[in-house]
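Read through the structure below, which is laid out as structure tokens, and then see the notes.
Throughout, a chain's letter reflects where its sequence line sits, starting with A, and its residues are numbered from 1.
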There are 2 protein chains.
Amino acid sequence: MKPKILIVEDEPSITDTIQYALETDGFDTVALSSGTAVIPLLSQDPVDLIVLDIGLPDINGLELCKTIRKAHDIPIIFLTARADEIDRVVGLEIGADDYLTKPFSPRELSARVKAVLRRTRRASPSTMSAPGFKVDESKRRISYFDKILDLSHYEFKILKTFIRRPGHVYSRDRLMDLVWEEPETSMDRTVDTHIKNIRAKLKTVKPDVDPIVTHRGMGYSLKEEL
Amino acid sequence: MKPKILIVEDEPSITDTIQYALETDGFDTVALSSGTAVIPLLSQDPVDLIVLDIGLPDINGLELCKTIRKAHDIPIIFLTARADEIDRVVGLEIGADDYLTKPFSPRELSARVKAVLRRTRRASPSTMSAPGFKVDESKRRISYFDKILDLSHYEFKILKTFIRRPGHVYSRDRLMDLVWEEPETSMDRTVDTHIKNIRAKLKTVKPDVDPIVTHRGMGYSLKEEL
DNA sequence: AATTCAAATGAAAAGTTCGTGAAAAATTGA
DNA sequence: TCAATTTTTCACGAACTTTTCATTTGAATT
């Protein structure tokens, strides 16, 4: 069962190099030279990881990433020519799983792919986990120290988002983007209130710890360890 | 630049074996026979990885691990005599980076050390580094000699700016431009005060050096080397 | 050594952001 | 439809951050 990697890159020479390196290291690969074809492909051909050039000519890579993330739970590694784009990519706005700045060695890319897969593999088979948490996607349930939480729709989605990347700091805006269908809706303390409710529910299980960390002026994250 | 490995193990024969194996493979080693000495040592002598026997007589290995993790961002490999302790170690509670059950071959340990170092070197995306600094953009954390700094929003951004270009001298105005959303609000000693606070926090980690250099009449920069 | 002036410092004031409870609005489902 | 539940809004106090300012320190120049 080789993992399948989708490469989205408009320059053939780079695509070739990557493809060769990844296949040598035991991956299956598919390559696309345009961003618009990604979504249609994903819906019929599941892949395990996407290597995405954000400097594509036909589409904004960041937007594409958002779109992918809306519907799929696939790790994404970014390629970028400009080092200063990195902040937005890796930081709050998008949440890439990793990135590489051109030029890079194919070997390095392959190593990153392996690392990201190793990291997310554990998480994927429908029970993702962070300290004490288990997510059962099919039953739409999250348990916390083996106690099933009674969560509302939004609470579930927010908590799932946190669990997917423990330690990652999500701004309120970013959470809105990820969790809400229509993120434009003006919000005041909406996210805060949901966090409050989630915290209250977690507290009934473990009264002495709060696994949700507030980062003043930045957002919230889940503790990586208790 | 050999990576330095700290070995915490109470049985001298094992310590010797490990030490020999690791040094043969090009690592620097330090050994401690008691757990209580670990924290004091870490604060003055940064190491790259810890090999920790959880069956130490003087201290609970799991607790020690937690304590280390509180303040430092160092990978840990566990040694244990009892295979059934492993579950708790590798599972959610602690998050060891790897483990070995006694008896093990020194060669095996050395291989694991290399693997963990390789993995963690790359693990966190976006770790820019300057002398002793690591920036994890996604977790909004900066560590200084592996100690995680507790920084406010502006402190984080200012320090990140410095780390991006060690040695580069930033005027107060330039810093304002780069870090503040609305730089028009020019005030007098604002930047100075933030620098003061950052310095204070860095000092708690390394009291004897000040990595921030003042350039009279010009601005501030970060030392390129300590 | 004296002078000068930028920088460091401590402390207080001003300004933000968060957590919270309660109530209003929207949604769901019987 | 109506009641129950979920989601959003809002206002307030507490906690924390940022800014201001007066004073001291200290480096460079004379």
Look for any protein N or O under 3.5 Å of an N or O in nucleotides 27-30 of chain C and output each such pair with its distance, or none.
none

Problem set entry | B:R189: partners by salt bridge (Lys or Arg N to Asp or Glu O under 4.0 Å), with sequence neighbours left out | B:D192

For this session: Could I get the full list of ring pair (Phe, Tyr, Trp, His ring centres under 6.0 Å) partners for A:Y154, not counting sequence neighbours?
Result: A:W180, A:H194

For this session: Answer yes or no on whether B:K206 is positioned over the face of B:F145, meaning its NZ or CZ is under 6.0 Å from the six-membered ring centre and within 45° of the axis.
Result: yes

For this session: State the dot-bracket string of DNA chain C. Criteria: Watson-Crick or G-U wobble, both atom distances under 3.5 angstrom; notation: ( ) intrastrand, [ ] crossing earlier pairs, | interstrand, . unpaired.
Result: ||||||||||||||||||||||||||||||

Exercise. B:F27: what forms a ring pair (Phe, Tyr, Trp, His ring centres under 6.0 Å) with it, not counting sequence neighbours?
Worked result: none

Seminar exercise, completed: Contacts of A:D10 meeting side chain to side chain contact (heavy atoms under 4.5 Å, CB included) (sequence neighbours excluded), chain-then-number -> A:D53, A:L56, A:P57

For this session: List for me each residue that meets side chain to side chain contact (heavy atoms under 4.5 Å, CB included) alongside B:V213, sequence neighbours excluded, and say none if there are none.
Result: B:H215, B:S221, B:K223

For this session: Heavy atoms only: give me the nearest A:S34-A:V38 pair and the separation to one decimal.
Result: O-CG2, 4.0 Å

For this session: May I ask you to test the A:L42-A:I68 pair for a side-chain heavy-atom distance under 4.5 Å?
Result: yes

Protein and nucleotides 4-7 of chain D: nitrogen or oxygen contacts under 3.5 angstrom:
from, atom 1, to, atom 2, distance (Å)
D:dT7, OP1, A:Y154, N, 3.4
D:dT7, OP2, A:S152, OG, 2.2

For this session: Encode nucleotides 7-17 of chain C as B, S and - characters from 5' to 3', where the letter depends on protein heavy atoms closer than 4.0 Å: B to the base, S only to sugar-phosphate, - to neither.
Result: SB-B-----BB

Problem set entry | Under the side chain to side chain contact (heavy atoms under 4.5 Å, CB included) test, residues paired with A:K4 that sit two or more places apart | A:D28, A:V30, A:D45, A:V47, A:D48

Seminar exercise, completed: Residues passing the side chain to side chain contact (heavy atoms under 4.5 Å, CB included) test with B:S171, sequence neighbours excluded, are B:D173, B:R174

Exercise. Would you call B:R199 and B:D210 a salt bridge, taking side-chain N to carboxylate O under 4.0 Å as the test?
Worked result: yes

Problem set entry | ring pair (Phe, Tyr, Trp, His ring centres under 6.0 Å) against B:Y170, all qualifying residues, sequence neighbours excluded | B:F162, B:H168

